[in-house]
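Read the structure below first, then the notes.
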Amino acid sequence: PGHRPLFGKHVLITAGPTHEPIDPVRYIANRSSGRQGFAIAKAAAELGAEVTLVAGPVHLATPAGVVRIDVESAREMLAEVEKALPADVAIMVAAVADWRAADVPEQKIKKDGAAIPALNLTENPDILATLAKHAQRPRLLIGFAAETEKVVEHAQAKLAKKGCDWIVANDVSGDVMGGANNAVHIVTKQVVESLADAPKDVVARKLMEKIADAVGQG
Ligand code: C5P
């Protein structure tokens, strides 16, 4: 009803952490709750977009009107993101694990051996950077950056490195991860727009309004 500037646009969003298996019962994870990504998916649907939300393991309800695809690992997330293309806008909010265990045994690692097992890690694919170089690159590609210092400076460097159009940078030196509020800086190639500390759904709505302004009429 009313204001639906993203009607007819496909918005692809990742959210939450990833779980990287060590063996059948253990995994590597992080503290992402998925709340900011889910709030963005909700705001995008409210503005009329067709929304695909690729979600890592989180305990959150699917926002109304959103198509949700659940995944566990970074590699599964990348596969589902690529399957969901084409998209007009992609917003990569997930806290994707940088590394995964290099070899995952089929059986549980037992404690009875004398040696403490070593965890060998290997690099995960970078989903955002992959989309930036993709033949079906979304017209507006947005990444997130969690930083604890020099937030805007690091975001500008990340924009160039990842090949995306905007970086939404948040200062996670406090309790943002898993918390209800967020203060972000939207960093584009030209400008930096800082949004005041606010509940994650308010931040989501403001961000989506800005995205609608950028792509809504095209
Ligand atoms: O390099 P860094 O992890 O700080 O970059 C964060 C941004 O990159 C986020 O948008 C995140 O969703 C995305 N990312 C990704 N795949 C990775 C690592 C990060 O899409 N393997």
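Counting convention: from 1, in listed order, for ligands and their atoms alike. Just the heavy atoms: all of them, side chains too, but no hydrogens, waters or symmetry mates, feed the values below.
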List the atom pairs, donor and acceptor, that lie under 3.5 Å between side-chain atoms in residues 93-121 and the rest of the protein, sequence neighbours left out.
from, atom 1, to, atom 2, distance (Å)
Arg100, NH1, Glu123, O, 3.1
Arg100, NH1, Asn124, OD1, 3.0

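Shown here are the ring pair (Phe, Tyr, Trp, His ring centres under 6.0 Å) partners of His10, two or more places apart in sequence or in another chain: there are none. With sequence neighbours excluded, the residues forming a side chain to side chain donor-acceptor pair (under 3.5 Å) with Glu193 are Lys210, listed by chain and number.
No donor-acceptor pair under 3.5 Å is formed between the side chain of His19 and the backbone N or O of Gly56. Proximity of a side-chain donor or acceptor of Asp165 to a complementary backbone N or O of Leu141 within less than 3.5 Å is detected.
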May I have the N/O to N/O pairs between ligand 1 and the protein that fall below 3.5 Å, each with atom names and distance to one decimal?
from, atom 1, to, atom 2, distance (Å)
ligand 1, 1 (O), Lys162, NZ, 3.0
ligand 1, 4 (O), Lys158, NZ, 2.4
ligand 1, 5 (O), Lys162, NZ, 3.1
ligand 1, 8 (O), Lys162, NZ, 3.3
ligand 1, 10 (O), Met92, O, 2.5
ligand 1, 10 (O), Phe144, N, 2.7
ligand 1, 10 (O), Phe144, O, 3.3
ligand 1, 12 (O), Met92, O, 3.1
ligand 1, 12 (O), Ala94, O, 2.7
ligand 1, 16 (N), Ile127, N, 2.9
ligand 1, 20 (O), Ile127, N, 3.4
ligand 1, 20 (O), Leu128, N, 2.9
ligand 1, 21 (N), Pro125, O, 2.8

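By the 4.5 Å heavy-atom criterion applied to side chains, Val58 and Arg35 are not counted as neighbours.
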